[in-house]
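Throughout, numbering of the chain's residues begins at 1 and tracks the sequence. Keep in mind it's a predicted model, so treat the numbers as computed, not measured. One-based numbering, in listed order, for ligands and for the atoms of each. Note that these values count all heavy atoms, side chains included, but never hydrogens, waters or copies made by symmetry.
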Amino acid sequence: MDKILVHGGATLKGTVRISGSKNSALPILAATLLTNDPCIVHRVPDLSDIHYMLTILSHLGCDVERASGTVQVKAAQLRTEAPYEIVRKMRASVCVLGPLLGREKEATVSLPGGCVIGDRPIDLHLKGFEALGAAVRVQGGNVKVLAPRLKGALIDMRGKYGSTVLGTDNVMMAAVLAEGMTVIDGAAEEPEVVDLANFLIKMGAKIEGAGTSRIIIEGVKELHGAEHTVIPDRIEAGTFLVAGAIAGEEIILQKVNPQHLLSVTVPLQKAGYVVETNGETLKLRRNGGSLPLELETEPYPGFPTDMQAQMCALLATSPGTSRVTEHIFPQRFMHIAELKRMGADIELENATAVIRGVGQLSGAPVMASDLRASAALVLAGLRAEGITEINRVYHIDRGYESIDEKLNLLGANIERVKA
Ligand code: EPU
């Protein structure tokens, strides 16, 4: 298994180009199942999660072609079953359920298990399908959804932890081909949901209100092919902003949507960094010391759970006491124990990390547990004395396109050791 060795102490400076969004590209690729016309998607990042999704689409019968960042999918003849062997590697495979149900009126997909960020149920997705008239059966580790016809309905997608991003996507993808009108209340408002809705609209779907908590869908008989460019990855961008804050002099991010990043840039400004925006460019500069922060993860436009671990790494080195509370995935704190091995002073009080900044960390062998936790360890390694050896780096390759190479171009000293 590959390892990453971060030689701490380098100062980052320069420009980095941000990739297309993983969490937009995944459901958009699944949405290509809704038509038998070819669809073309640009700015698809080169990540293992994307590779898994393309494998699933091929298994389902699609012709898939990929040339650098552009993917063409033609979903002519479809199979409706996605077995455990191919879906188990990625939880987001669940988002083929909605489009298969919409087009073929049935789908069987192996149920995603929990993962290190906690129990990850799909009850809200299933409740949405049932409201559209589908029968849902869970058997032998699979979920089967079946509906002779789908009928528009009023659906409330709010759960115990707020709205669900992939649940909203899934129900939207089924409802675009249902008869009549569907209203999704408590819809997730994330930019990735809006990007999917924009792609579906290009395919001929009638959708209003994406980006608000009420999405209204007027079902159509069929969809057609479309061409689309995925939005910038706001979490990759946020991760590089934190890299700049933790170890940078001045870094510039290109090809971003600064509006999508306010929940990250505003706290960084509060912590004392200078952030400047110019069109699709963001610049972050150090301005003396860094201040502690109080942060709580929330659905968009709040501070994202997908930035919580990276921000904990920064605050571990900022003087003073910070508090970071996780409301979306209350168990998403696997990085804390690893940061502590690097000398961080962090106590967990239920779902709140109380972080007393220590100024300097020290390199240590650490274990990547999930995607964002791994990114946090790379960031911490930049600010650590000596070498941080990060094992199980396949986690990071799931969601960051060449993070080591991109950081090295900014002046970091990171080696990837092939197993
Ligand atoms: N939830 C339920 N029932 C459901 C679905 C979700 O209770 O049926 C709960 C979850 O357990 C969680 C909360 O609702 O407590 C929100 O989960 P959500 O469904 O929004 O998460 P998701 O759609 O499965 C996406 C991203 C995650 C990101 C979350 C929250 C993709 C592929 N994944 O997951 O991204 O953390 O939204 O913003 O879009 C990552 O990229 O590292 C990542 C984990």
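Using a 4.0 Å cut-off to heavy atoms of Ile122, the atoms of ligand 1 that qualify are 4 (C), 8 (O). Per-residue contacts place Leu371 under 4.0 angstrom from the following atoms of ligand 1 (heavy atoms of the residue considered): 42 (O). Every atom of ligand 1 with a heavy atom of Arg91 under 4.0 Å away is listed here by number and element: 24 (O). Taking every non-hydrogen atom of Lys22 and a distance limit under 4.0 Å, the qualifying atoms of ligand 1 come out as 40 (C), 41 (O). Taking every non-hydrogen atom of Pro121 and a distance limit under 4.0 Å, the qualifying atoms of ligand 1 come out as 2 (C), 3 (N), 4 (C), 5 (C), 6 (C), 7 (O), 8 (O), 11 (O). Near His125, with a cut-off below 4.0 Å to any heavy atom, the atoms of ligand 1 are 8 (O).
If you look at Val165 next to ligand 1, the close heavy atoms, those under 4.0 Å, come from the backbone and the side chain alike. For Asp306, every heavy-atom contact with ligand 1 shorter than 4.0 Å involves the side chain, none the backbone. Within the 4.0 Å heavy-atom criterion, neither part of Lys160 lies near ligand 1. Residue contacts with ligand 1, taken as heavy atom pairs separated by less than 4.0 Å, do not involve Asp169 at all. With a heavy-atom cut-off of 4.0 Å, Glu192 does not touch ligand 1 at all. At a heavy-atom distance under 4.0 Å, only side-chain atoms of Arg332, from C-beta outward, approach ligand 1. When heavy-atom distances to ligand 1 are checked against a 4.0 Å cut-off, Tyr300 has no atom that comes that close, whether in backbone or side chain.
Between Arg356 and Asp345 there is a salt bridge, since at least one side-chain N of the basic residue sits less than 4.0 Å from a carboxylate O of the acidic one. A salt bridge does not link Lys144 to Glu81: none of the charged nitrogens lies less than 4.0 Å from a carboxylate oxygen. With respect to the salt-bridge test (charged N to carboxylate O, under 4.0 angstrom), the residues Arg149 and Glu179 qualify. For the pair Glu405 and Arg416, the salt-bridge criterion is not met [side-chain N within less than 4.0 Å of a carboxylate O]. Using a 4.0 Å cut-off between a side-chain N of Lys or Arg and a carboxylate O of Asp or Glu, Asp306 and Arg234 do not qualify as a salt bridge. Salt-bridge formation is detected for the pair Arg323/Glu349: a Lys NZ or Arg NE/NH1/NH2 atom is positioned less than 4.0 Å from an Asp or Glu carboxylate oxygen.
Residue-ligand proximity: Lys127 is placed with every non-hydrogen atom at 4.0 Å or more from ligand 1.
One side chain, Tyr273 or Ser290, offers a donor N or O that lies under 3.5 Å from an acceptor on the other. Side-chain contact check for Thr297 and Gln308: no donor-acceptor pair (N or O, by modelled atom type) lies under 3.5 Å. Side chains of Asn170 and His125: a donor-acceptor N/O pair is present below 3.5 angstrom, by distance only.
Residue-environment remark: NZ (Lys255) stays at or below the threshold of 12 foreign heavy atoms within 6.0 Å. By the 6.0 Å contact criterion, NZ on Lys105 is enclosed, its count of non-hydrogen atoms from other residues, nucleotides or ligands being greater than 12. In Gln259, the CD atom is not crowded: 12 or fewer heavy atoms of neighbouring residues, nucleotides or ligands sit closer than 6.0 Å.
Residue Leu166 places at least one N or O, backbone or side chain, under 3.5 Å from an N or O of ligand 1. Polar contact check, Glu190 against ligand 1: no nitrogen or oxygen pair lies under 3.5 Å apart. In terms of N/O distances under 3.5 Å, ligand 1 is not approached by Thr305. At least one N/O-N/O distance between Leu124 and ligand 1 falls below 3.5 Å. Residue Ile328 has at least one nitrogen or oxygen atom sitting less than 3.5 Å from a nitrogen or oxygen atom of ligand 1, judged on distance alone.
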